Every structure is written in C-alpha cells, then in structure tokens.
Engineer: 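Have a look at the structure that comes next, please.
Note that the structure is a prediction, hence the values are computed from the model and not measured.
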Amino acid sequence: MDEKGLNMDKRKKILILANSCGGLCDFRDQFLDKLAKQYTVTVSVPDDVKKEELEARNFRVYKTPINRRGINPIEDFKLCLAYGKLMKEVKPDMVLTYTIKPNIYGGLCAGLRRFPCIATITGLGGAFDKTGPLLWLVILMYRLGLRRDACVFFQNEENREIFQKYKIHGKKDRLVMGSGVNLTRHEYKPYPQGEETHFLFVGRVMKERGILEYLEAARRLHSDTVFFDIMGYCDEDYQDMLDDLEKQGVIRQLGFQTEVRPYLASASAIVVASFHEGMSNALLEAAATGRPVIASKISGCLEAFEEGKTGFGFTPGHADELIEAMEKFLALSVEERGQMGLAGRKKMEAEFDREKIADAYMEEVG
C-alpha cells in the first residue's frame, strides 16, 4: 500500500445516510468538500443521480432503497437492516443523517451500536399534522431515533419548538439557516428583459407543495405574455391533469432537472407554495440568482424573503392569495423586478452563505 493509502486508512470514518443523491450534492456541497479533505467518507443513498460527483471526492457510495412516502413496516424494517449491515461493515467514527427516515432509522441503528450521530431536520412534512395514535407513533419514532444523537440540527425555529414541545431531543441541538446557498455556484444573473413574465414553480408536484393553488393561478392568469412553468417530478396522481393543462397552453412542464441554474436565470419569479418547509432551498437559490420570489408565509420560507422588498408572500392553500401576490408582481416594471432581485441577492450574501453553515457542521463533527 502506498503512503497515500496508509494516510487514508488512518483517517476517521464518516457514514452519511440520505434520501437523495442529488439533494446531498446540491445542498451540502461545501460541507462535503470539507469532509473529503479530512475524513474517509461512505454515503448511503437510494439513487445514483450524482454518484459520479460523490465518487470524484473519493467517497464510497452504497445504494440503499428508501420509500420516502408513508410508513410501510416491511420496507422500513428492511431499511433498518440495511443501515445496520452497512454500519457493521464501515464501523464509522461518526454517522450523519438527513431527512426523516434516515434520521429515525439511521439514528436508531447508530444508537444501538454506540456510533455518534448527527441528525439534520430538513423539514417535518405533514407528520405532526396527524392526530391520535398516528401522531404519537410519529413522536415515539422520533424519540427513539434521536435520543442518543450527539447533535440535532434544525433549519428553522418552529421545527425546533415542535420537537421541544413533544420532548424529542438528542444530547444537544443547533439552529442553522437551512442548508444555506453556494454563492459562487449560484451567482447573480442580470434580470431578464422584455414583456414576457415567466413564473417558475420549483418542487415536487404534490398537494403539500401547493401544486393545486399554482395550477389555479395558471388557469386564471396565463396569457400571451404570462407563462407558468413547472420544474420537478410528479410525486402524486396529477400527471393527467398536468398533461391536459399543457395541451391547453396553460402550463409548461420542465420535468425533474439535475441542473436548475439555467431555469432560475430565465425565470421572472420563482414560486414556492409549500405547506411545510425546513428551509426552502429553491427560494435561497432563486434569490442568490437575483430573482424575486412568491412564497408561502410559513417557517422555512419567511426567513428567506422580505415582503415587498425581495418578494411577496401568501397563505399556503389559498389560491386567491397566491393570485393576489402574483398580480402585485405583474404590476411591477422590469426595472422594479430587477431591483427586487438585487435585494434578494444581498440578503443571501448577508445571511445565507453556505460556507458558514458548513463550518458549523464541521465544529460538531470535530
């Protein structure tokens, strides 16, 4: 074995458990770069969308299937077994988990094997909207999954307060401004000129992401100069509806894209209509690009824009409010929209630099 190989063997070992290869690379790139310089890293993800990008950092990549929606006891038990087998093989000095199922089942497996674990709560979805036995099942699972974690990172204060309310905790917790945004990768782009307005919906096509409200706005506001685009894969049974509206010229489907920057740059405004967010990466990337945003007035979105200065907000689930926000935007001149975009960029530089968030994680990894 050469000297480089011997040095690699002496490095501490990190195991990362995540539910998306693309999300891991897109939203945690600067943290991954820091880890690559100091640690031997193994990654478990359910897909290989950006496997080459991870392997270019000399990470080992394992493909572990995850059903991201709902609770299927058999599939979730298989996930636990897979995580346990991987931990037995890797023998990590630290486990890092992202998103719900890796946090719960990865944290549980790490705790049972006494491996230190750091979890990141990237959002709660509708888990805590449940009632009765289902709610208490969610609480129990989170308690079991996180109770031995060395640190739990939260991306907004509301999520942290919910966990405190239900006595869900690790040994300590920290609040960061989401995943931040890579200000070099998502550089400012001059605002588009011309008479056309292009609204861009970014996110999975599902009810909790506000797709129905966005489609209603598209039906009522689309015209020869106002266009409604959708970027993201269809995660619920709306494909026939989308295809029909596209045939009518109401919307345009862009599908899932691994490279979002050209689409953000060509948009007039980005729309995030979610009911729940940890911290909306779509809003951060849009603002960093210099694009105004139309966003839900919820934790995870409110932190990312300033009403009337960098975008407009509305109550999620209320199509009329979304339409009103869009009409305010349509009333602006191109110059006013451009100034709104510049203000968004300055906000990202001041508050959401991903480099600072990566440093916070490195402090906990040690």
Side-chain angles (χ1 to χ4, degrees), residues 18-23 26-27 45-47 49 65-76 79 98-104 121-131 134-135 137-138 141 159 199-222 227-258 260 263 270-283 294-301 314-323 326:
N19 77 346
S20 167
C21 186
D26 291 344
F27 307 138
V45 286
D47 61 89
V49 171
I66 298 178
N67 179 359
R68 301 201 303 181
R69 297 180 57 208
I71 300 173
N72 182 310
I74 295 175
E75 291 181 347
D76 290 354
L79 180 61
Y98 295 94
T99 68
I100 296 172
K101 291 194 176 182
N103 285 340
I104 292 174
I121 307 302
T122 57
L124 303 180
F128 288 87
D129 293 337
K130 303 180 188 301
T131 58
L134 285 176
L135 173 60
L137 176 60
V138 169
M141 292 172 68
N159 285 178
F199 290 111
L200 175 62
F201 176 98
V202 179
R204 288 179 288 162
V205 176
M206 54 190 299
K207 183 177 181 181
E208 286 191 357
R209 294 293 183 179
I211 188 60
L212 295 179
E213 291 73 36
Y214 183 78
L215 294 178
E216 179 60 25
R219 290 187 185 96
R220 289 161 61 175
L221 295 179
H222 81 279
F227 301 89
F228 288 78
D229 299 333
I230 298 173
M231 182 170 62
Y233 56 84
C234 191
D235 207 20
E236 291 179 350
D237 191 21
Y238 294 117
Q239 194 58 58
D240 289 343
M241 181 189 300
L242 296 177
D243 291 342
D244 184 55
L245 289 172
E246 188 167 46
K247 288 178 183 177
Q248 297 177 40
V250 175
I251 63 167
R252 180 175 62 148
Q253 299 181 72
L254 303 176
F256 174 74
Q257 301 292 330
T258 58
V260 302
Y263 298 95
I270 278 66
V271 181
V272 173
S274 301
F275 294 7
H276 307 277
E277 286 284 353
M279 182 67 70
S280 173
N281 291 298
L283 292 183
I294 312 291
S296 297
K297 292 191 289 188
I298 58 170
S299 291
C301 289
F314 66 97
T315 304
H318 292 251
D320 287 343
E321 284 196 30
L322 170 58
I323 291 167
M326 289 179 164

Engineer: Might you point out which heavy atoms bring Lys101 and Asn67 nearest each other, and give the distance in Å?
Structural biologist: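 Smallest interatomic distance, heavy atoms only, reads NZ-O, 2.6 Å.
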Engineer: Would you mind writing out the side-chain donor-acceptor pairs for residues 205-212 within the sub-3.5 Å range, not counting sequence neighbours?
Structural biologist:
unit_1 : atom_1 : unit_2 : atom_2 : d
Arg209 : NH1    : Ser274 : OG     : 3.3
Arg209 : NH1    : Glu277 : OE2    : 2.8

Engineer: Applying side-chain contact (heavy atoms from CB on, under 4.5 Å), run through Phe227 and His222 and close with a yes or a no.
Structural biologist: CA-CA 6 Å; Phe227 301 89; His222 81 279; over 6 Å; no
Engineer: With a 4.5 Å heavy-atom cut-off, do Leu124 and His276 have their side chains touching?
Structural biologist: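 Not touching, per the 4.5 Å side-chain cut-off.
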Engineer: CE of Met231 to CZ of Arg204: how many Å apart, nearest 0.5 Å?
Structural biologist: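 The distance works out to 14.5 Å.
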Engineer: So Ile230 and Leu215, do their side chains get closer than 4.5 Å, heavy atoms only?
Structural biologist: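 Side-chain contact under 4.5 Å: yes.
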Engineer: Using atom types as modelled and distance alone, determine if a side-chain donor or acceptor of Glu216 lies under 3.5 Å from a backbone N or O of Ala319.
Structural biologist: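 Between the backbone of Ala319 and the side chain of Glu216 there is no qualifying donor-acceptor contact (under 3.5 Å).
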Engineer: Determine whether Asn159 and Ser299 make a side-chain contact, defined as any pair of heavy atoms from C-beta on separated by less than 4.5 Å.
Structural biologist: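 Side chain of Asn159 against side chain of Ser299, heavy atoms only: no contact under 4.5 Å found.
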Engineer: Could you tell me the separation between the CD1 atom of Ile323 and the CE atom of Met326, rounded to the nearest 0.5 Å?
Structural biologist: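 Reported value, rounded in 0.5 Å steps: 8.0 Å.
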Engineer: Check the angle between the aromatic planes of Tyr214 and Phe201 and answer parallel, tilted or perpendicular using the 30° and 60° thresholds.
Structural biologist: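 Tilted.
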Engineer: Between Asn103 (side chain) and Thr99 (backbone), is there a donor-acceptor pair under 3.5 Å?
Structural biologist: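 Yes, Asn103 side chain to Thr99 backbone: donor-acceptor pair under 3.5 Å.
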Engineer: Passes side-chain contact (heavy atoms from CB on, under 4.5 Å), Asp240 versus Asp244? Steps please.
Structural biologist: CA-CA 6 Å; Asp240 289 343; Asp244 184 55; over 6 Å; no
Engineer: What's the separation between atom OG in Ser280 and atom CD1 in Ile270, rounded to the nearest 0.5 Å?
Structural biologist: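 That separation rounds to 10.5 Å.
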Engineer: Among residues two or more places apart or on two chains, list those pairs meeting side chain to side chain donor-acceptor pair (under 3.5 Å) that have a residue in residues 249-258.
Structural biologist: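 Matches after skipping sequence neighbours: Asp229-Arg252, Gln239-Gln253, Asp243-Gln253, Glu246-Gln253, Gln257-Tyr263.
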Engineer: Would you say Val45 and Ser20 make side-chain contact, with heavy atoms under 4.5 Å?
Structural biologist: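 No, too far: nothing below the 4.5 Å cut-off.
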Engineer: Over all heavy atoms of both residues, which pair between Gly123 and Ile100 is shortest? Give the atoms and the distance, please.
Structural biologist: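 Closest approach of Gly123 to Ile100, heavy atoms only: O-CG1, 4.1 Å.
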Engineer: Using every non-hydrogen atom in the two residues, find where Cys301 and Val272 come nearest and quote the distance to one decimal.
Structural biologist: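 Nearest pair, atom of Cys301 first, then Val272: SG-CG1, 4.1 Å.
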Engineer: Which heavy atom of Gly317 sits nearest to which heavy atom of Phe275, and what is that distance?
Structural biologist: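 That closest heavy-atom pairing would be N-CE1, 3.5 Å.
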Engineer: For residues Pro65 and Pro46, determine if any side-chain heavy atom of one lies less than 4.5 Å from a side-chain heavy atom of the other.
Structural biologist: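 No. Closest side-chain heavy atoms not under 4.5 Å.
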Engineer: Between CG of Asp47 and CG of Asn19, what distance do you get to the nearest 0.5 Å?
Structural biologist: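 Atom-to-atom, Asp47:CG and Asn19:CG are 8.5 Å apart.
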Engineer: Any side-chain heavy atom of Pro102 sitting closer than 4.5 Å to one from Ile66?
Structural biologist: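 Of all side-chain heavy-atom pairs linking Ile66 with Pro102, at least one is under 4.5 Å.
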Engineer: Would you mind reporting whether Val250 and Phe228 have side-chain heavy atoms less than 4.5 Å apart?
Structural biologist: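 Phe228 vs Val250: side chains apart.
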Engineer: Does some side-chain heavy atom of Val271 sit less than 4.5 Å from a side-chain heavy atom of Val202?
Structural biologist: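 No, their side chains stay 4.5 Å or more apart.
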Engineer: For the pair Thr315 and Ser296, evaluate side-chain contact (heavy atoms from CB on, under 4.5 Å) and give the outcome as yes or no after the intermediate values.
Structural biologist: CA-CA 6 Å; Thr315 304; Ser296 297; over 6 Å; no
